[in-house]
**Student:** 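This is the structure I want to talk about, given as structure tokens.
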Amino acid sequence: MAIDTPVKTSAGRWSRGPSGNTGPSRRARAPRRLWVKIVVTLLLVVEIYPLIWMFLTSLKSNDDYLNNSTWSLPTTWEWGNYFEAWTTGHLGLYVQNSLLAVLPALALMLLLGTAAGFALQIMVWKGRSLTLLVFLAGMMVPPQMILLPLFTVYFQAGLSGTLWPLILTYTGTGLPLTVFMMATYYRTVPRELFEAATIDGAGILRAFWTISVPLVRNALLTVGLVQFFFIWNDLLIALTFTNNQDLRTIQVGLLNFTGDFGATQYGPLFAAICINVFGTLLIYLFLNQKVMKGLTSGAVKG
């Protein structure tokens, strides 16, 4: 019984025979696949190794960190650094302040941004294109330019010494991007749904809450997660408007992290950094698939 071998056609290509061989094409792809695997492996090392180093450093004592090599393993595994970071380092208070500032700002941002996106894309009224351009112009204003005027306004309004300056500033600075992204997502929503709802007697508010919001829930999750990371990792605004230790957010707290006698304790400091980094990383890994769905849902109009 004869065995078919790859035959070179007139077009210069190799054809697959009945035996399933692909000829030189498979051998030509093998080196490219190897290079792809090498590059992916290097990227994983670059991303994962700093996390491993940070975790190992969080388990070192202060003397171990200062006297031994930076790359050495801990001589004694100081798991108590995490308890010390949470209590003595006031990390629990900083996390609480961050949540009290970030979550209300995020809720206001999503509510106002979703309503504005609905009004700019679904509702028909004169001047909506110009209004969208005004929101886009807000993305071009550097936050550094508005901090001093805002500080003066908050001081004169009696809001200094509270978390309201952070909530209002986070909402205002994140609203332009939220409006732009939600308006983009609303372009993918079929207008016939709202026309049918209008024929059935639904008003604007009912169409917004019962039809539009469920349709863009993946977009809401995506925008909310992106904005959450932006304002959770903020240092400049929080450092400007927090004037005492009781109001420090987690980023400002890590910047001024000290031990009992005012000296920097590197083990608890890296333990606090690990709690912050791995906590946000777990949130992203848990919501990763929904974020991908939200990103692709606004990419193509359908």
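Values below: all heavy atoms of this structure, side chains included; hydrogens, waters and symmetry mates excluded.
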**Student:** So, does Lys60 use its side chain to make a donor-acceptor pair with the main chain of Ser72 at under 3.5 Å?
**Tutor:**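 Yes; at least one donor-acceptor contact below 3.5 Å.
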
**Student:** Can you list the residues that meet the side chain to side chain donor-acceptor pair (under 3.5 Å) rule with Tyr94, with sequence neighbours excluded?
**Tutor:**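 Expected list: none.
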
**Student:** Is Val213 close to Leu220 at the side-chain level, that is, under 4.5 Å between some pair of heavy atoms?
**Tutor:** yes

**Student:** Indicate yes or no: at least one non-hydrogen side-chain atom of Pro165 is less than 4.5 angstrom from one of Thr162.
**Tutor:** yes

**Student:** Taking it one step at a time, do Ser212 and Tyr186 satisfy side-chain hydrogen bond (donor to acceptor under 3.5 Å, both in side chains)?
**Tutor:** CA-CA 8 Å; Ser212 71; Tyr186 270 117; 3.3 Å; yes

**Student:** Run the side chain to side chain contact (heavy atoms under 4.5 Å, CB included) test on Phe241 and Leu163 for me, step by step, so that the C-alpha distance in whole Å, both residues' side-chain angles and the decisive distance to 0.1 Å come before the verdict.
**Tutor:** CA-CA 8 Å; Phe241 297 117; Leu163 291 175; over 6 Å; no

**Student:** For the side chain of Asn244 and the backbone of Leu247, is there at least one donor-acceptor N/O pair under 3.5 Å apart?
**Tutor:** yes

**Student:** Looking at Ala272 and Leu254, what are the two nearest heavy atoms and their distance?
**Tutor:** CB-CD2, 3.5 Å

**Student:** Rounded to the nearest 0.5 Å, what separation is found between the CD atom of Glu78 and the CD atom of Gln265?
**Tutor:**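 So the CD of Glu78 and the CD of Gln265 are separated by 11.0 Å.
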
**Student:** Looking only at non-hydrogen atoms, find the nearest pair between Val252 and Ala238 and report the distance.
**Tutor:** CG2-CB, 3.6 Å

**Student:** Decide whether Val95 and Leu235 are clustered together by the hydrophobic rule: side chain heavy atoms of Ile, Leu, Val, Met, Phe, Trp, Tyr closer than 4.5 Å, transitively.
**Tutor:** no

**Student:** Begin with the C-alpha distance, continue with both residues' side-chain angles, and end with the deciding distance and a verdict on side chain to side chain contact (heavy atoms under 4.5 Å, CB included) for Leu168 and Leu159.
**Tutor:** CA-CA 11 Å; Leu168 296 177; Leu159 296 178; 4.1 Å; yes

**Student:** Ring-plane angle category for Trp71 and Trp53, please: parallel below 30°, perpendicular beyond 60°, tilted otherwise.
**Tutor:** tilted

**Student:** Could you pull out all residues at least two apart from Trp86 that satisfy side chain to side chain donor-acceptor pair (under 3.5 Å)?
**Tutor:** none

**Student:** Indicate if Leu285 and Val277 have the same hydrophobic cluster label, given that clusters are the connected sets of ILVMFWY residues with side-chain heavy-atom separations under 4.5 angstrom.
**Tutor:** yes

**Student:** If we ignore hydrogens and angles and just use 3.5 Å, is the side chain of Thr88 paired with the main-chain N or O of Ala85 as donor and acceptor?
**Tutor:** no

**Student:** Measure the CG-CG distance between Asp246 and Asn97 for me, rounded to the nearest 0.5 Å.
**Tutor:**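 Atom-to-atom, Asp246:CG and Asn97:CG are 7.5 Å apart.
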
**Student:** Membership question, hydrophobic clusters at under 4.5 Å side-chain separation (ILVMFWY): are Leu215 and Leu110 in the same one?
**Tutor:**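 Yes; tracing contacts between hydrophobic side chains, which count when under 4.5 Å, links both residues.
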
**Student:** Can you check side chain to side chain contact (heavy atoms under 4.5 Å, CB included) on Phe270 and Phe55, steps first, answer last?
**Tutor:** CA-CA 7 Å; Phe270 279 96; Phe55 174 71; over 6 Å; no

**Student:** Between Thr57 and Tyr65, does the side-chain hydrogen bond (donor to acceptor under 3.5 Å, both in side chains) criterion hold? Intermediate values first, please.
**Tutor:** CA-CA 7 Å; Thr57 306; Tyr65 180 83; over 6 Å; no

**Student:** Which pairs, with at least one residue in residues 205-227 and sequence neighbours excluded, count as a ring-ring contact (aromatic ring centres under 6.0 Å, His included)?
**Tutor:**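 As it turns out, the ring-ring contact (aromatic ring centres under 6.0 Å, His included) pairs with a partner in residues 205-227, which skip direct neighbours, are Phe118-Phe208.
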
**Student:** Check for a donor-acceptor pair, side chain of Asn81 on one end and backbone N or O of Ser61 on the other, with a separation under 3.5 Å.
**Tutor:** no

**Student:** For the side-chain contact (heavy atoms from CB on, under 4.5 Å) test, which of Leu281, Ile250, Leu91 pairs with Asn276?
**Tutor:** Ile250

**Student:** Quick one, Phe228 with Ile283, criterion side chain to side chain contact (heavy atoms under 4.5 Å, CB included). Give me CA distance, side-chain angles, the key distance, then yes/no.
**Tutor:** CA-CA 11 Å; Phe228 172 81; Ile283 293 175; 4.2 Å; yes

**Student:** For Phe229, I'd like to know if atom CZ has over 12 heavy atoms of other residues, nucleotides or ligands within 6.0 Å.
**Tutor:** yes

**Student:** Under 3.5 Å, is there a donor-acceptor pair between the side chain of Thr114 and the main chain of Leu111?
**Tutor:**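 It does not hold such a pair.
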
**Student:** Does CZ in Phe180 sit with more than 12 non-hydrogen atoms of other residues, nucleotides or ligands closer than 6.0 Å?
**Tutor:** no

**Student:** Would you check if the side chain of Arg128 reaches a backbone N or O of Met123 as a donor-acceptor pair within less than 3.5 Å?
**Tutor:**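 Side chain of Arg128 to backbone of Met123, a donor-acceptor pair under 3.5 Å: yes, one is there.
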
**Student:** Any side-chain heavy atom of Asp234 sitting closer than 4.5 Å to one from Ile237?
**Tutor:**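 Side-chain contact under 4.5 Å: yes.
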
**Student:** Return the CG to CG distance between Asn62 and Asn67, rounded to the nearest 0.5 Å.
**Tutor:** 9.0 Å

**Student:** Which value, rounded to the nearest 0.5 Å, describes the distance between Ile38 atom CD1 and Leu43 atom CG?
**Tutor:** 12.0 Å

**Student:** Checking side-chain contact (heavy atoms from CB on, under 4.5 Å) between Met181 and each of Thr178, Thr184, Val179, Leu177, which is the one that passes?
**Tutor:**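 By the side-chain contact (heavy atoms from CB on, under 4.5 Å) criterion, Met181 pairs with just one of Thr178, Thr184, Val179, Leu177: Leu177.
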
**Student:** Can you name the nearest heavy-atom pair linking Val223 to Met182, along with the distance?
**Tutor:**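 Looking at all heavy atoms of both residues, the shortest contact is CG2-SD, 4.0 Å.
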
**Student:** With Gln245, which residues qualify under side chain to side chain donor-acceptor pair (under 3.5 Å), at least two apart?
**Tutor:**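 Counting only residues at least two positions away or on another chain, Gln245 forms a side chain to side chain donor-acceptor pair (under 3.5 Å) with His90.
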
**Student:** Can a donor-acceptor pair be found between the side chains of Asp64 and Asn68 at a distance below 3.5 Å?
**Tutor:** yes

**Student:** Indicate yes or no: at least one non-hydrogen side-chain atom of Leu93 is less than 4.5 angstrom from one of Arg248.
**Tutor:**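 Leu93 does not reach Arg248 side chain to side chain.
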
**Student:** How long is the straight-line distance from CG of Leu166 back to OG1 of Thr240, given to the nearest 0.5 Å?
**Tutor:**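 It comes to 9.5 Å.
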
**Student:** Tabulate below the donor-acceptor pairs under 3.5 Å that side-chain atoms of residues 131-156 make, not counting sequence neighbours, or state none.
**Tutor:**
unit_1 : atom_1 : unit_2 : atom_2 : d
Thr131 : OG1    : Gly127 : O      : 2.8
Thr152 : OG1    : Leu148 : O      : 3.1
Tyr154 : OH     : Thr169 : OG1    : 2.9

**Student:** If you compare all heavy atoms of Tyr170 against all heavy atoms of Met109, which two are closest, and at what distance to 0.1 Å?
**Tutor:**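 It is O-CE, 3.4 Å.
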
**Student:** Taking all non-hydrogen atoms of both residues, which atom of Gly172 and which atom of Pro176 are closest, and how far apart?
**Tutor:**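 That would be O-CD, 3.3 Å.
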
**Student:** What residues, two or more places apart in sequence or in another chain, satisfy side chain to side chain donor-acceptor pair (under 3.5 Å) together with Ser98?
**Tutor:** none

**Student:** Please tell me whether Val189 and Ile199 are part of a single hydrophobic cluster in this structure, the criterion being side-chain heavy atoms less than 4.5 Å apart.
**Tutor:**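 No.
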
**Student:** How long is the gap from CD on Gln227 to CG on Leu175, to the nearest 0.5 Å?
**Tutor:** 9.0 Å

**Student:** Can you check whether Trp232's main-chain N or O pairs, donor with acceptor, with Gln251's side chain at less than 3.5 Å?
**Tutor:** yes

**Student:** Can you get from Tyr82 to Leu282 by hopping between Ile, Leu, Val, Met, Phe, Trp and Tyr side chains that sit under 4.5 Å apart?
**Tutor:**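 No.
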
**Student:** Which pair of heavy atoms, one from Val102 and one from Ile231, lies closest together, and at what distance?
**Tutor:** CG1-CD1, 3.6 Å

